[in-house]
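Before any comments, here is the structure.
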2 protein chains.
Amino acid sequence: MTIPAKERLLNAASKLFYQNGVHATSVEDILDEALVARQSLYLHFQSKDGLVAEFLKLRDQRWRESLHAFVKAHAGNPRQAILALFDFLQTWFSEPGFHGCAFINIAAEFSDPNHHFRLLAGEHKQHVLRYIKQLCHAAQLANPETQACRIALLMEGAIATELVTPDSDAAAQARQLAAMLLDTITLP
Amino acid sequence: MTIPAKERLLNAASKLFYQNGVHATSVEDILDEALVARQSLYLHFQSKDGLVAEFLKLRDQRWRESLHAFVKAHAGNPRQAILALFDFLQTWFSEPGFHGCAFINIAAEFSDPNHHFRLLAGEHKQHVLRYIKQLCHAAQLANPETQACRIALLMEGAIATELVTPDSDAAAQARQLAAMLLDTITLP
DNA sequence: GTTCCAATAGAACGGTTGTTCTATTAGAGA
DNA sequence: TCTCTAATAGAACAACCGTTCTATTGGAAC
């Protein structure tokens with residue numbers, strides 16, 4: 001019935017790490033949010049850093065699952081599937097508490113490219129790119145790998161823009177650019 | 001001859017804040033980097049936060065000056081001026097110590113959109129966008145304001161992509177997309 | 001030479017950080 | 001009932017945080 005402490009900890013940490021950043025979130029904050037004893041944290045996780053790593057893995061998993069589900073639900077044809085990526089962004093942006101890409105934010109907070117968190121961020125982006133490549137292949141685009149990189153770049157641009165300029169309708173802007181790209185590619 | 005303490009402080013703080021983030025940079029770190037006494041910091045700045053604000057203002061000024069100078073030097077015609085934005089990004093990315101956009105990073109570290117740092121970040125992006133709009137007007141593009149937003153989004157996408165995936169040649173990718181956009185706009 | 005100001009060194013402040021230790025409690029399975 | 005496990009409360013830890021205080025130094029302007 002009651003949610004076990006480990007799960008509550010991970011949920012609380014995920015919320016706070018994403019919302020306020022890793023450095024700005026103290027262990028005390030997490031304990032308060034999760035309503036869990038201090039010792040329980042070190043019983044289930046090695047350290048705060050260990051908890052951060054678990055947060056990133058969970059975030060990667062959940063975010064990509066949401067993306068896949070959304071595209072599957074909103075894709076009539078392969079071309080629409082690619083455009084659905086940007087509709088997904090739009091709904092994501094409108095959610096309360098949106099605070100950009102957790103993995104871009106991690107890269108902003110930790111400068112060493114070889115830091116464990118940074119490697120997890122790189123893996124996340126690789127997984128997303130691989131998925132976009134699948135969609136580009138399915139849409140039978142010319143140079144699908146190149147197009148996938150371009151689509152990914154448009155998504156990154158929308159996410160970053162929405163974070164600093166929330167009233168810019170960045171997802172729709174990026175969607176229009178993607179549509180233009182698809183037209184330019186498929187026409188000749 | 002010798003650089004005054006205030007300037008050394010601001011330079012050291014700028015380097016460390018940009019490289020490692022605000023939260024990860026301690027006052028002690030700044031003093032060590034600047035070779036300045038502790039009291040001197042509080043003699044020239046109100047607090048660490050005050051120093052952060054000065055860093056952001058200086059960063060905004062210098063970065064935009066570099067951009068303007070580069071475009072002025074590499075722009076044969078108005079269309080080339082727009083593409084030069086992405087050549088500027090490419091040279092920026094190749095500089096040692098590149099660590100993304102300082103203002104995106106600030107937004108990642110501070111969640112409150114009304115925080116002073118966030119407002120400074122918003123102003124920076126507004127200034128850059130205004131400049132891009134000037135270029136789009138000069139190039140006599142249809143719907144220049146809309147095109148400027150798209151160009152800005154492509155730039156954001158390149159910067160974010162380069163941060164997490166340094167081997168992706170993001171600036172060139174974005175430049176190609178911009179060129180396609182300009183062709184699509186100007187042809188009909 | 002005296003005054004003035006920028007800059008220095010270094011201790012001290014209260015508060016917070018992540019982590020560990022000790023001891024106790026509640027509930028489920030045997 | 002006894003045992004095992006998960007979870008709790010709360011003190012304690014050393015280290016670090018941003019900031020302030022006191023006292024001193026060096027050089028330039030007058």
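The sequence lines fix the lettering, A, B, ..., with proteins before strands; numbering per chain opens at 1. What you see is a predicted model, and the numbers here were worked out from it, not measured in a lab.
- The CD atom of A:Gln39 sits 11 Å away from the C1' atom of D:dG10 (whole-angstrom rounding).
- Using a 4.0 Å cut-off, some side-chain N or O of A:Ser26 falls inside it from OP1 or OP2 of C:dT17.
- Spacing between atom CG of B:Asp32 and atom C1' of D:dC16 amounts to 14 Å, rounded to whole angstrom units.
- The nearest whole Å value for the distance from the CG atom in B:Leu43 to the P atom in C:dG10 is 19 Å.
- Summarising the geometry, the separation between CD on B:Glu28 and P on D:dT19 is reported as 13 Å, rounded to the nearest angstrom.
- Summary of the strand contacts: B:Val36 and A:His23 both lie near DNA chain C, and taking for each the nucleotide with the nearest heavy atom, the more 5' one is attributed to B:Val36.
- Residues B:His44 and B:Leu10 are not in side-chain contact: their nearest non-hydrogen atoms beyond the backbone lie 4.5 Å or more apart.
- A donor N or O paired with an acceptor N or O is not found under 3.5 Å between the base of C:dT8 and the side-chain atoms of B:Arg38.
- For the OP1/OP2 pair of C:dT8 and a distance below 4.0 Å, the side-chain nitrogens and oxygens of B:Ser40 include at least one atom meeting the criterion.
- Looking at heavy-atom distances under 4.0 Å, A:Leu35 makes contact with sugar-phosphate atoms alone, never a base.
- What separates CG of B:Leu41 from C1' of D:dC21 is a distance of 16 Å, to the nearest Å.
- The aromatic rings of B:Phe117 and B:His115 sit tilted, their planes meeting at an angle between 30° and 60°.
- The structure places CG of A:Leu129 at 10.5 Å from CD of A:Gln134, a figure rounded to the nearest 0.5 Å.
- Comparing D:dA7, C:dT19, D:dG18 by their nearest atom to the side chain of B:Val27 picks out D:dG18.
- Ranking C:dT20, C:dA7, D:dT8 by closeness to the A:Tyr42 side chain, first place goes to C:dT20.
- The shortest distance between the side-chain N/O atoms of B:His44 and the OP1/OP2 oxygens of C:dA7 is below 4.0 Å.
- Spacing between atom NZ of A:Lys48 and atom C1' of C:dT19 amounts to 12 Å, rounded to whole angstrom units.
- Taken from CD in A:Gln176 to OG1 in B:Thr146, the straight-line distance is 7.5 Å, to the nearest 0.5 Å.
- Between the CG atom of B:Asn20 and the P atom of D:dC17 there is a distance of 13 Å, given to the nearest Å.
- Taking atom CD of residue B:Glu7 and atom P of nucleotide C:dA6, one finds them 16 Å apart after rounding to whole Å.
- Residues A:Tyr18 and A:Trp63 keep their aromatic ring centres 6.0 Å or farther apart.
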